[in-house]
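The block underneath contains the structure these notes are about, expressed in structure tokens.
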Amino acid sequence: MTKETWIGDVRAGKHDGSKVELKGWVHRSRGSNKIRFVVLRDSTGTVQCVVKRDIVGDETFESVKDALIESSLILHGTVEPTDREHGHEIQVASVEIVGPVNPDTPFPITESAMEQADGGETEFLLDNRHLYLRTSRMTTMLKMRSTVFGAIHSYFRDRDFTEYQAPNFVAGAVEGGSTLFEVPYFGRKAYLTQSWQLYAEAAMPALERLYTMAPSFRAEKSRTRRHLTEFWHAEMEIAWGSNDDVMVHGEGVVRNIASTLLEKHSDDLENMGRDLDLVARYADNPYPRMRYDEAVETLQGMGVDIEWGQDLDYSKEKVLTEDFEIPHFLTHYPRVAKPFYHRPDPEDPKYVLCHDLLAPEGYGEIIGGGERTWSEPEILDRIDEEGNDREAYEFYIDIRRYGGVPHGGFGLGVDRVCAWLSGADHIREVIPFPRDSRRVTP
RNA sequence: GCCGACAUAGCUUAGUUGGUGGAGCGGCGGACUGUUAAUCCGCAGGUCGCAGGUUCGAGUCCUGCUGUCGGCGCCA
């Protein structure tokens with residue numbers, strides 16, 4: 001029952017003149033009483049199949065006529081190159097309907113449903129997400145997403161990083177308890193992880209170069225086009241690395257994603273209205289680095305109301321990145337604005353050795369990372385300074401007690417990168433079943 | 001947590017100063033031998049989100065509720 005012929009290959013001219021067996025779903029169907037045109041879809045594309053009553057016989061012809069949109073079928077026919085719109089057509093000899101669609105409940109995703117919401121933001125399309133996935137726009141997004149995941153794996157594996165898995169059930173917070181999802185755990189409380197980082201640091205002395213791609217969970221009631229409660233987090237950690245060393249990899253992996261997308265999906269990006277020159281710019285140029293102080297001065301020069309020591313929220317990021325044509329790193333945030341695991345800059349402990357990577361076009365922060373507080377006395381100071389309980393971080397402190405070394409890493413929002421590079425209007429467009437504060441179904 | 005919109009057929013929507021809710025798509029029936037979102041003729045399909053209120057009369061005005069969408073804060 002395996003499938004041997006793919007519509008993409010038919011369209012590429014690999015089967016011209018041959019008899020083929022095609023398996024797929026009815027994308028569109030139209031015609032008269034004597035001839036019927038079925039546009040057949042599979043995962044590789046669509047092709048028009050011509051069904052003539054005098055060739056297939058009355059019974060088959062009627063069954064094809066009754067095959068509504070998204071009915072599945074197997075057909076046999078001959079590939080015929082043509083000058084018409086599709087380039088190639090199938091002259092059909094026989095058809096078998098595999099999975100019919102009941103006319104009382106026709107496929108609900110119609111042209112009009114797609115009209116107003118390319119990204120699937122309408123309630124209706126979100127409720128019918130399981131069916132929306134098979135539309136061409138979503139299929140393309142899912143394929144590009146797969147390429148992005150592949151590019152991240154390749155980047156790290158090509159550089160001898162080890163892929164390493166942390167638990168998703170955790171006992172405590174990485175940062176601030178308010179955004180943790182609490183789950184019952186055999187009479188105790190556990191939480192869904194917000195980040196792989198603390199557990200990665202534990203393995204840092206063992207593996208030295210490690211990475212992961214895993215879901216992270218944040219119970220934020222964020223209602224923006226950049227947030228999900230469950231998102232895919234690409235994280236890395238390296239031993240013997242400084243903030244600068246970590247940034248090199250952040251830039252490296254993002255540029256690798258952009259160039260891989262260009263290489264494999266130029267047509268898809270263009271079909272979705274993405275300007276390829278923009279994506280090429282993100283792939284080809286080094287990413288400038290700007291210190292927090294410089295960003296604050298720039299913003300003040302633009303008349304933005306901001307004081308030193310404030311974190312840069314999205315409204316300020318947006319103003320700052322407005323004129324940026326490529327992603328920029330923002331480094332050296334004030335110590336007071338960042339959590340304890342960021343290492344204070346020995347040259348000026350008012351700052352920490354950290355970085356955010358800000359994407360242009362209003363897509364905001366896609367990477368957060370930096371050098372970790374890595375010595376025992378420093379980590380104890382930082383934990384106390386923030387009023388945290390040392391006991392909750394015993395294993396984290398142990399990492400420093402037994403041969404602490406300089407190290408660091410970053411977390412990259414994979415879905416955000418997918419949305420940015422594809423030019424999606426909303427992060428929901430690039431993940432099959434988006435989870436936000438108001439939706440866990442379907 | 002805060003702010004702002006919206007809710008009419010399976011979908012996308014029109015609905016005037018308050019006076020018996022229309023259309024396009026989709027579905028069904030029919031016509032048509034090369035269509036491209038096929039076209040043409042016909043049919044079915046509505047507790048106007050829910051609950052109150054004003055009124056002779058509410059899809060329309062008022063109040064509450066629910067749901068959804070958009071934005072802010074927080075972050076990837």
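So that the names make sense, note that chain A is the first sequence line, chain B the second, and so on, each numbered from 1.
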Considering every strand and a 4.0 Å limit on heavy-atom distances, what is the contact class for [X]: base, sugar-phosphate, or nothing?
X: A:Arg438; result: base
X: A:Ile35; result: base
X: A:Glu89; result: base
X: A:Thr105; result: nothing
X: A:Asp313; result: sugar-phosphate
X: A:Glu220; result: base
X: A:Asp311; result: sugar-phosphate
X: A:Ile69; result: nothing

Picking from B:G34, B:C74, B:G70, the nucleotide nearest the side-chain atoms of A:His227 would be B:C74
Among B:G67, B:U35, B:C72, the one nearest A:Glu123 by side-chain distance | B:G67
Does the base of B:C74 carry an N or O that pairs as donor and acceptor with the side chain of A:Ser222 under 3.5 Å?
-> yes
Base-contact (B) and sugar-phosphate-only (S) positions in nucleotides 39-44 of chain B, heavy-atom cut-off under 4.0 Å, - elsewhere | ------
Rounded distance in Å between the [atom1] positions of [N] and [M]:
N: B:C11; M: B:C50; atom1: P; result: 14 Å
N: B:A9; M: B:G15; atom1: C1'; result: 15 Å
N: B:C61; M: B:C25; atom1: P; result: 30 Å
N: B:C3; M: B:C43; atom1: C1'; result: 48 Å

Counterpart residues, side chain to side chain contact (heavy atoms under 4.5 Å, CB included), relative to [X] (two or more places apart):
X: A:Asp83; result: none
X: A:Ala419; result: A:Tyr363, A:Ala424, A:Val430
X: A:Asn285; result: A:Arg281, A:Ile326
X: A:Ala93; result: none

Once side-chain hydrogen bond (donor to acceptor under 3.5 Å, both in side chains) is applied, do any residues pair with [X], and if so which ones, sequence neighbours excluded?
X: A:Glu96; result: none
X: A:Thr46; result: none
X: A:Glu361; result: A:Arg274, A:Tyr282

A:Phe37 aromatic ring stacked with six-membered ring of B:A38, 5.5 Å and 30° = no
Rounded distance (Å) that lies between atom C1' of B:G26 and atom CG of A:Leu68 | 10 Å
For the pair made of CG in A:Asp356 and P in B:C74, what is the distance, rounded to whole Å?
-> 12 Å
When the ring centroid of A:Tyr211 is compared with that of A:His153, is the distance short of 6.0 Å?
-> yes
Does the gap between the ring centers of A:Phe161 and A:His249 come in under 6.0 Å?
-> yes
Tell me the salt bridge (Lys or Arg N to Asp or Glu O under 4.0 Å) pairs involving residues 225-236 of chain A, sequence neighbours left out?
-> none
According to the salt bridge (Lys or Arg N to Asp or Glu O under 4.0 Å) rule, which pairs have a member within residues 69-79 of chain A, sequence neighbours left out?
-> A:Arg41-A:Glu70, A:Glu70-A:Arg134
Given Watson-Crick or G-U pairs with both distances under 3.5 Å, what dot-bracket string fits RNA chain B, with | for other-strand pairs and [ ] for crossing?
-> (((((((..((((.....[..)))).(((((.......))))).....(((((..]....))))))))))))....
Validate the cation-pi geometry between A:Arg159 and A:Tyr155: distance from NZ or CZ to the six-membered ring centre under 6.0 Å, angle to the ring axis within 45°.
-> yes
RNA chain B contacts among residues 48-56 of chain A, heavy-atom distance under 4.0 Å = A:Gln48, A:Val50, A:Lys52
